[in-house]
2 protein chains.
Amino acid sequence: MSSSDLATRISNRLAKDILTGTIEPGTHVATQQIADRYQVSRTPVRDALVALSDKGLLEHQANRGYFVPEEIPEGLAQEIAAQDSEESDVYQTFAEDWLKNRLTEIVTEQSLRQRYSLTKSRLNDMMARAAREGWAERKEGYGWRLLPVAKTSEAFDQIYRFRLAIEPVALLEPSFELDRKVLAEHRRIQEWMLEVDVARTPPEQLLANGAAFHEALIAMSNNPFFASALERVNRMRRLMEYRARVDQERLQVQCSDHIEIIDLLERGEVVEASYFMRRHLSGALRRKSPIARNWSEEMEAEAHSQA
Amino acid sequence: MSSSDLATRISNRLAKDILTGTIEPGTHVATQQIADRYQVSRTPVRDALVALSDKGLLEHQANRGYFVPEEIPEGLAQEIAAQDSEESDVYQTFAEDWLKNRLTEIVTEQSLRQRYSLTKSRLNDMMARAAREGWAERKEGYGWRLLPVAKTSEAFDQIYRFRLAIEPVALLEPSFELDRKVLAEHRRIQEWMLEVDVARTPPEQLLANGAAFHEALIAMSNNPFFASALERVNRMRRLMEYRARVDQERLQVQCSDHIEIIDLLERGEVVEASYFMRRHLSGALRRKSPIARNWSEEMEAEAHSQA
DNA sequence: TTTAGCATTTTGGTCGCCAAAAATGCCTTC
DNA sequence: GAAGGCATTTTTGGCGACCAAAATGCTAAA
């Protein structure tokens, strides 16, 4: 994930909001207000504000606080975007090593610590995450067992089958409640993606947007069990897709499907939306996701060649 | 869970197998064989065997190994059963404290360490488990947020709605494959429960059997995402139900439903089984589980009185 | 009265060492 | 030659001190 420091994370988020204009120029950015929004104390927020004003993304007035400047210096946007996507993650490496069969099924913590040069607690975090995402489990004695769950393209089908079972149903839950504001926000994002140049946008971003759309919808069911189940499989999916190339055409099908669903929901045609969602997902299943088919095959070939 | 020591855990499991006759009298219990079965090394197994022969549950012959005795000394059975269910668990206490509103929504690790007098690592385990089971999450800064997910009887409904979405569908998965051996085993258990005296059996046991039945079925779908989703909500359910009283009549309805499902499956009528499963679950939803209605209401009353 | 700015307190992560637990290898016995 | 018994090696978890990060309280300025 992003750098460990809370101040840095807040700073990044604020930077994004300022650059995209979510926070308008001239606004007074109050420490307490930000602290409340993110449910943290004022200290890391303050550090973030200082850092941002150093970079030139905020203007500081002594004893009055920080303000969003009317004009943002040239080039800053690119600089920050670049810096943001740079950080690579041990967890991703670990996952990839497993996906590509560079690890044995049974591993000791020691060997992992050595391989990735991790401290005890870092390793702990990593394994906890892998366990949470369902592809690693403690053996009864020493060592961990890595599960083959995410390795084959079969897992892809399984995930889509699972989503097919929960997503359309979630829309029909009695506690379902439309959030038009969130819906409008996602319409904006999806429309943006229709026009974006696939080659020049990080695929994680596109993937994340798609996943976020589905998660937002299922959240409206107001049944947290549906929501967290989807989040869970999406995390696993990300693991398999995170370096995939995105197929422009398929992406566009996906996005217009999403927009169609939003249309239906906004018109209050929930049943139709649910039905359309089912079709949308089966479509993805048939095509093996709009995204990762090639990569998935490549991966399996590689896995095979080592067996 | 049971005592931390691997040898002890193995010893307990073996004890159960010996007492219930799963391992027949006179059998030679080979170290390596047990070690393989549990995927551990011989050392803790050996320790377990020594411990059991000290208790008199195994007979030791020098340089030949350990054997299940033809007759087991009087009273040993009770003694061991008692000792087994005795161990109370911080995690359970913690969960109950939260369910009954004795904790605030935001807690620091320190306060929890103090309250339950835990070392840092114990606390870590506890929170990891709560997070895994979905009702606690780290705040961004210091502290944890406890989620209301498990608190209301509404959560009950939500869990059943979720199960309603996945369980019947799982039976119809293309990869579904009947395991007659497992099925027969569960038939045995369910029939046993039909006759059992509810008052004299620990409710956890009855609950666990029910959950195990459903988990066994969904596992036959061969889609691990269905399986792990069910396991997840079942863990949460256990949290809410673990001290409930069991209603004999409802239990019997539940068990005969289960047996009916097994019948259908054994006759190959999968679609009918799926349909019946749906009815079975909606029934439970209508009745608020065969088990915990009273308790759930009591709990909420208590929660209310403190607000 | 609100909020920034600073000082102080509290929290939780990190590190290294040590002991307990588990895994492994070898030798012996039946 | 298969398995138990023992010795040795390896792994892991616990503990405590330390330190950076976050939370909190207070003061002064607008």
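Order of the sequence lines fixes the chain letters, A, B, ..., with proteins taken first and strands second; residue numbering starts at 1 for each chain. FYI, side chains are in, hydrogens and waters are out, and symmetry mates aren't considered; it's all heavy atoms of this structure.
Toward the 5' end of DNA chain C, the nearer of the two residues A:Gly141 and A:Ala30, judged by each one's closest nucleotide, is A:Ala30. With the nearest nucleotide of DNA chain D identified for both A:Trp144 and B:Lys120, A:Trp144 has the one nearer the 5' end. When each of A:Gly143 and B:Lys139 is assigned the nucleotide of DNA chain D bearing its nearest heavy atom, the one mapping closer to the 5' terminus is A:Gly143.
Between the side chains of A:Thr8 and A:Ser11, no donor N or O sits under 3.5 Å from an acceptor N or O. No side-chain donor-acceptor contact under 3.5 Å links B:Glu137 and B:Trp144. With no hydrogens or angles considered, no side-chain donor-acceptor pair links B:Asp125 and B:Tyr91 at under 3.5 Å.
One finds no side-chain N or O of B:Ser41 lying less than 4.0 angstrom from the OP1 or OP2 phosphate oxygen of C:dA22. At D:dG14, none of the side-chain N or O atoms of B:Thr119 fall inside 4.0 Å of OP1 or OP2 (strictly under the cut-off). Distances shown here put a side-chain N or O of A:His60 below 4.0 Å from the OP1 or OP2 atom of C:dG5. Regarding contacts with the backbone of C:dA4, a side-chain N or O of A:Thr31 is found under 4.0 angstrom from either OP1 or OP2.
A donor-acceptor pair under 3.5 Å is formed between the side chain of B:Lys139 and the backbone N or O of A:Gln39.
The separation between A:Leu52 atom CG and C:dA4 atom P is 15 Å, rounded to whole Å. Rounded to a whole Å, the CG atom of A:Leu49 is 14 Å from the P atom of C:dC6. The nearest whole Å value for the distance from the CG atom in B:Asp36 to the P atom in D:dG4 is 11 Å. When rounded to the nearest whole Å, the span between CZ of B:Arg122 and P of D:dC15 equals 8 Å. Distance, A:His28 NE2 to C:dT2 C1': 10 Å, rounded to whole Å. Atoms CG (A:Asp47) and C1' (C:dA7) sit 14 Å apart, rounded to a whole Å. Taking atom CD1 of residue B:Ile10 and atom P of nucleotide C:dA23, one finds them 8 Å apart after rounding to whole Å. Atom CD in B:Gln39 sits roughly 16 Å away from atom C1' in C:dT24 (whole-Å rounding).
Considering only the side chain of A:Ser121, C:dT14 comes nearest among C:dT14, D:dA22, D:dG4. Of the candidate nucleotides D:dG5, C:dA23, C:dG5, C:dG5 has the atom nearest to the side chain of A:Arg42. Of the listed nucleotides (D:dG5, C:dA4, C:dG12), C:dG12 has the atom at the smallest distance from the side chain of B:Arg138. In the set D:dA23, C:dA23, C:dG5, C:dA23 carries the atom at the smallest distance from any side-chain atom of A:Tyr142.
Residues from residues 104-115 of chain B with heavy atoms under 4.0 angstrom of DNA chain C, sorted by number: B:Thr108, B:Glu109, B:Gln110.
Under the 30°/60° scheme for interplanar angles, the aromatic rings of A:His60 and A:Tyr66 are found to lie parallel. A tilted orientation is assigned to the rings of A:Phe94 and A:Trp135, their planes being inclined by 30° to 60°.
The side-chain heavy atoms of A:Asn124 and A:Thr119, taken from C-beta on, include no pair separated by under 4.5 Å.
Using a 4.0 Å heavy-atom criterion, one finds that A:Thr43 contacts the bases of the nucleic acid, with or without backbone contacts as well.
A:Glu133 has no carboxylate O lying under 4.0 Å from a charged side-chain N of A:Arg237, or vice versa, which leaves the two without a salt bridge.
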